[in-house]
Every structure is written in structure tokens, then in C-alpha cells.
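Below, all heavy atoms of this structure are taken into account, side chains as well, without hydrogens, waters or symmetry copies.
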Amino acid sequence: MKNSKWHFFLLLVTVLLLQFSIFNHVGIGGFANPYIYLIFLLLLPIDVNGIFLLLSAFGLGFVMDVFSNSQGLHTTASLVLAFC
């Protein structure tokens with residue numbers, strides 16, 4: 001069964017909600033936070049269209065930057081991971 005884009009959209013929303021509600025409040029060693037939102041990019045299949053992959057990586061990183069106030073750090077990391 002082929003996964004639809006709605007399935008990936010629901011996965012994206014779920015991962016972002018988990019990141020904002022739980023994992024942004026977890027501190028490892030007092031200063032490091034686990035960022036699980038990158039799991040979304042790693043779970044996408046290999047045969048995903050490149051434009052869809054880069055646009056979803058940009059959107060994911062941009063939303064993380066807006067809510068984390070990190071000035072482009074998450075967008076850059078997401079795009080580099082998607083490009084690789």
C-alpha cells in the first residue's frame with residue numbers, strides 16, 4: 001500500500017506536537033534538547049519527489065525556527081539533511 005501525502009502530513013503534525021509539548025522541555029545535562037522532528041525526514045521513503053522533500057524540510061525547519069526563536073538554525077539543518 002502506497003503512503004499518501006496525507007499520511008506524511010499527519011506524521012508531520014504529530015512529530016511537531018510531540019516536539020513542542022514534550023521534548024522542548026526535556027534537558028539533557030541542563031543545556032541540550034532532543035530534537036525528534038528530524039525523524040519525519042528520515043522516515044520518508046526513498047522514492048519521494050525531490051521538490052516535495054525539500055519543501056517539507058523547509059516548512060518543518062521554518063515552523064521549528066518560529067516557535068523556538070532560533071533564527072534559521074533548524075531550517076538550515078533540515079534542508080541539509082533533506083539534500084543529503
Side-chain angles (χ1 to χ4, degrees):
M1 182 173 158
K2 189 172 181 175
N3 292 326
S4 67
K5 290 183 182 174
W6 289 108
H7 175 76
F8 293 120
F9 180 74
L10 287 174
L11 179 65
L12 173 68
V13 170
T14 304
V15 168
L16 283 176
L17 285 175
L18 284 172
Q19 180 68 47
F20 294 137
S21 63
I22 297 173
F23 291 104
N24 276 351
H25 304 291
V26 173
I28 299 172
F31 62 91
N33 292 335
Y35 292 118
I36 64 154
Y37 71 94
L38 296 172
I39 289 175
F40 171 74
L41 296 174
L42 295 174
L43 289 178
L44 288 175
I46 298 293
D47 60 346
V48 170
N49 186 4
I51 298 296
F52 176 72
L53 179 63
L54 289 176
L55 285 176
S56 61
F58 177 78
L60 178 66
F62 185 73
V63 169
M64 281 298 297
D65 282 332
V66 167
F67 287 108
S68 299
N69 196 17
S70 58
Q71 302 166 350
L73 176 73
H74 296 286
T75 303
T76 304
S78 297
L79 283 173
V80 167
L81 179 67
F83 188 73
C84 291

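Each of Val15 and Trp6 belongs to its own hydrophobic cluster when Ile, Leu, Val, Met, Phe, Trp and Tyr are linked at side-chain heavy-atom distances under 4.5 angstrom. In this structure, Phe23 is a member of the same hydrophobic cluster as Leu42, with clusters built from ILVMFWY side-chain heavy atoms closer than 4.5 Å. The hydrophobic clustering, which links ILVMFWY residues whose side-chain heavy atoms are closer than 4.5 Å, places Leu81 and Leu55 apart. Under a hydrophobic clustering in which Ile, Leu, Val, Met, Phe, Trp and Tyr are joined whenever their side-chain heavy atoms come within less than 4.5 Å, directly or via other members, Ile39 and Tyr35 fall into the same cluster. One hydrophobic cluster holds both Leu41 and Leu16 under the rule that ILVMFWY side chains link at heavy-atom gaps under 4.5 Å.
Atom CZ of Phe20 sits about 10.0 Å away from atom NE2 of His25, to the nearest 0.5 Å. Atom CG of Leu44 and atom CG of Leu12 lie 9.0 Å apart (nearest 0.5 Å). Here the CZ-CG distance, from Phe83 to Leu53, works out to 10.5 Å after rounding to the nearest 0.5 Å. A distance of 7.0 Å separates CG in Leu38 from CG in Leu60, rounded to the nearest 0.5 Å.
In plain terms, the two heavy atoms of Gly72 and Thr76 that are nearest each other are O-OG1, 2.8 Å. Ser70 approaches Met64 most closely through the heavy-atom pair OG-O, 4.5 Å. Taking both residues in full, the closest heavy atoms of Ala57 and Ser78 are given as O-CB, 3.3 Å, listed atom of the first, atom of the second, then distance. Across all their heavy atoms, Gln19 and Tyr37 have their closest contact at OE1-N, 3.5 Å. Shown here for Asn33 and Asn24, the closest heavy-atom pair between the two residues is ND2-O, 3.8 Å.
For Ile28, the CD1 atom counts as densely surrounded, since its 6.0 Å shell holds more than 12 non-hydrogen atoms of other residues, nucleotides or ligands. The local environment of CZ in Phe52 is crowded, with over 12 non-hydrogen atoms from other residues, nucleotides or ligands closer than 6.0 Å. Within a 6.0 Å radius of CZ in Phe62, other residues, nucleotides and ligands contribute 12 heavy atoms or fewer.
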**OP:** Dump the intermediate steps for side-chain contact (heavy atoms from CB on, under 4.5 Å) on Leu54 and Phe58, then the final yes or no.
**Re:** CA-CA 6 Å; Leu54 289 176; Phe58 177 78; over 6 Å; no
